[in-house]
Amino acid sequence: MAQNSLTQTITAKTMADLWAGLKMQGPRVHCITNSVVQNLTANTLLAVGAVPSMSTDAHEIADFSRSAHALLVNLGTLDAERRHAIATAIPVMAESGKAWVLDPVMIDRAPHRLAYARDLLALNPAIIRANQAETEALGPSHGVRAISGVRDLVETAQGRITLAHGHAYGSMITGGGCALSAIMAALAAVTDNAALAAATGFAGYGIAQDIAAREAEGPGSFAVRLLDELANLTPERLAYDLSMRIEDYP
Amino acid sequence: MAQNSLTQTITAKTMADLWAGLKMQGPRVHCITNSVVQNLTANTLLAVGAVPSMSTDAHEIADFSRSAHALLVNLGTLDAERRHAIATAIPVMAESGKAWVLDPVMIDRAPHRLAYARDLLALNPAIIRANQAETEALGPSHGVRAISGVRDLVETAQGRITLAHGHAYGSMITGGGCALSAIMAALAAVTDNAALAAATGFAGYGIAQDIAAREAEGPGSFAVRLLDELANLTPERLAYDLSMRIEDYP
Amino acid sequence: MAQNSLTQTITAKTMADLWAGLKMQGPRVHCITNSVVQNLTANTLLAVGAVPSMSTDAHEIADFSRSAHALLVNLGTLDAERRHAIATAIPVMAESGKAWVLDPVMIDRAPHRLAYARDLLALNPAIIRANQAETEALGPSHGVRAISGVRDLVETAQGRITLAHGHAYGSMITGGGCALSAIMAALAAVTDNAALAAATGFAGYGIAQDIAAREAEGPGSFAVRLLDELANLTPERLAYDLSMRIEDYP
């Protein structure tokens with residue numbers, strides 16, 4: 001088995017340790033994200049122990065980026081101010097070797113946004129978190145690909161990780177995927193292993209969904225319980241509930 | 001009784017069928033709406049089976065409008081970008097014969113916004129959903145008027161429909177009316193009968209409120225349960241619980 | 001004891017009366033606040049009986065300010081439109097002797113925002129509501145200082161009030177502090193005594209947190225119950241649960 005294969009580095013133990021590290025270190029995550037989901041994204045980050053900030057103002061974006069440990073770039077409700085903020089914030093992260101996560105929301109619906117997302121790929125996101133349709137629209141990329149679906153996938157040059165968590169209610173909450181991308185950014189602030197961050201994000205968010213769905217009576221109460229369970233999820237429980245399969249590429 | 005009178009076309013059966021059609025067809029509803037309520041509006045649309053999008057960007061608004069089945073135009077937190085998006089999106093809907101719904105939020109508080117709302121009336125919204133004060137400020141219009149209140153009203157050239165659903169908690173949730181307008185837009189994507197869409201929107205949203213209020217302990221838990229009940233409301237239950245009176249104009 | 005000392009004017013009785021007055025008068029509070037928390041702020045104001053509005057548009061801000069009874073200025077997600085709205089709205093309030101509350105969100109993270117906040121101090125906010133780090137960054141000011149923390153503080157030229165309410169979950173809800181600032185603005189619309197408004201805001205919001213935390217299972221259900229308890233909190237309960245200490249400066 002090759003040194004540093006996915007099978008070696010991504011295990012229930014390394015994932016549980018990363019989840020514990022997230023809660024302990026409480027990284028600051030700056031989010032350039034759409035106005036629809038800012039609130040849920042911030043609450044999700046707080047629930048997992050991270051510290052969110054959300055400014056997109058030209059006067060402030062450099063300061064917020066510099067003092068953050070990771071960056072989320074989400075393309076929903078994209079506008080001139082957000083484009084400018086993205087152009088400023090990504091180089092700030094790159095200079096200091098900090099990770100950024102790309103969430104190319106709905107690029108399959110808007111050609112202009114798709115072209116913009118493809119340009120961003122050249123700036124080396126650590127993780128691209130998207131659904132199947134968005135991933136297909138985007139085309140090839142270098143970063144780790146975290147693809148949400150009935151089965152969640154993490155694809156890297158080294159191999160492929162499949163996770164079997166989550167509930168149908170998850171797709172009835174607006175911004176659920178966006179919040180997950182933010183969790184992955186928070187995790188990428190605590191480890192250099194982007195595939196580990198992506199897999200742990202899927203696991204933590206998916207297992208919290210599994211638990212939340214048990215007593216939910218609809219998407220409203222599911223969303224409330226999901227925040228509760230994200231905050232309550234221990235590293236031990238994450239490792240215990242984990243349903244994951246790893247394929248190393250030869 | 002005249003052909004196509006309200007009494008003939010708007011019945012518990014046609015309303016239940018429309019509600020079922022909404023859940024089955026899952027129309028895409030593009031929402032140009034205010035930043036305060038974008039999240040609740042999106043979650044409400046997802047709960048009733050529709051697919052929301054919210055971009056207001058000049059580069060994207062035409063694409064999103066074209067691929068949507070109906071449009072919501074809500075005048076809260078109106079700004080230059082939203083005005084431009086509205087001016088682009090409405091003609092796109094008109095060209096392809098798709099419906100748009102106007103929600104003239106708080107026009108009774110801001111003369112500039114009122115003037116703007118009156119200009120929009122010339123672009124033929126299928127439904128104007130507002131409260132009593134906003135409806136009075138707006139003045140006469142051609143579209144179906146859906147007027148929220150202790151008793152909800154649908155007014156058309158043919159007659160008047162009164163519905164007796166909903167709870168006082170409903171007015172303690174910001175964006176409740178805005179979310180209802182979005183439901184009406186989703187329904188108007190599934191039928192050409194705007195009065196039927198408006199009445200069914202009031203019925204579905206109001207009956208879900210009736211059920212949600214029973215175990216709510218305040219406006220917070222009411223809002224959560226309302227999303228649950230909107231998702232769980234079956235066409236049969238909508239028809240069974242319906243409390244409606246129709247007056248055909250002679 | 002000096003005439004009008006804090007001990008004389010700020011009592012369980014005057015606070016309960018102010019809370020009752022808020023529910024009875026239902027003041028309109030215009031909020032220039034960040035996009036992350038607009039929804040929670042609006043729902044919080046509705047829960048305590050006030051009427052929120054949120055426009056920041058140049059065409060409307062004067063109208064909304066004029067018809068409001070108090071103003072909230074929150075510096076989160078500050079942008080050009082919000083800066084313009086703030087510059088217009090504050091003089092409107094000043095002209096008619098109405099109060100405005102400053103919430104200098106995260107000024108300790110962004111020097112440009114800090115400089116802007118310091119400029120605003122010259123425009124005499126009735127209350128400055130912030131956490132300890134923000135208060136220290138801001139430096140000296142004339143208005144009443146409402147400082148959130150494990151113990152909440154109200155500092156005035158006359159003395160100092162300490163309140164012992166609230167729960168750790170409170171800091172896991174994004175916009176909790178912002179919503180509290182809005183409550184203080186609503187209370188400042190009902191009394192000329194800014195210290196009384198600040199202390200009553202801390203008491204009402206903190207006691208509602210105490211009650212909400214008892215049955216919460218995490219930050220999600222806590223946030224829902226908090227809205228319920230804010231709506232349900234009676235003046236009598238506020239006075240009965242109050243845990244407060246007042247020190248008059250000599």
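- Side-chain atoms of C:S221 and A:D228 include a donor-acceptor pair closer than 3.5 Å.
- Here CG of C:N39 is found 12.0 Å from OG of A:S35. Values are rounded to the nearest 0.5 Å.
- Of the listed residues A:N232, A:V37, A:T56, A:V224, the one with more heavy-atom pairs under 4.5 angstrom with chain C than any other is A:V224.
- Within the 4.5 angstrom heavy-atom criterion, atoms from both the backbone and the side chain of A:N43 approach chain C.
- Of the two parts of A:R28, only the side chain, counted from C-beta on, holds a non-hydrogen atom closer than 4.5 Å to a non-hydrogen atom of chain C.
- More than 12 heavy atoms of other residues, nucleotides or ligands sit less than 6.0 Å from atom CG of C:D119.
- Note that CE of A:M54 and CG of C:N34 are 9.5 Å apart. Values are rounded to the nearest 0.5 Å.
- Rounding to the nearest 0.5 Å places CE of C:M106 at 5.5 Å from OG of A:S53.
- Of all heavy-atom pairs between A:A231 and C:M172, the closest is CB-CE, 3.9 Å.
- Between chain A and the residues C:G175, C:G76, C:P111, the most heavy-atom pairs under 4.5 angstrom are made by C:P111.
- Put simply, of A:S67, A:G49, A:A42, the one with the most heavy-atom pairs under 4.5 Å next to chain C is A:S67.
- Among A:L40, A:L230, A:L227, A:T33, the residue making the largest number of heavy-atom pairs under 4.5 Å with chain C is A:L227.
- Atom CD of C:E81 is separated from atom CD of A:E81 by 10.0 Å, given to the nearest 0.5 angstrom.
- More than 12 heavy atoms of other residues, nucleotides or ligands lie within 6.0 Å of NE2 in A:H167, so this atom counts as buried by the packing criterion.
- The nearest pair of heavy atoms linking C:R83 to A:D57 is NH2-OD2, 2.9 Å.
- Going from atom CZ of C:R113 over to atom OG of A:S55 covers 5.0 Å, rounded to the nearest 0.5 Å.
- Remark: A:H59 NE2 to C:L78 CG distance equals 9.0 Å, nearest 0.5 Å.
- For the pair A:R225/C:E217, a side-chain contact is recorded, criterion being any heavy-atom separation below 4.5 Å from C-beta on.
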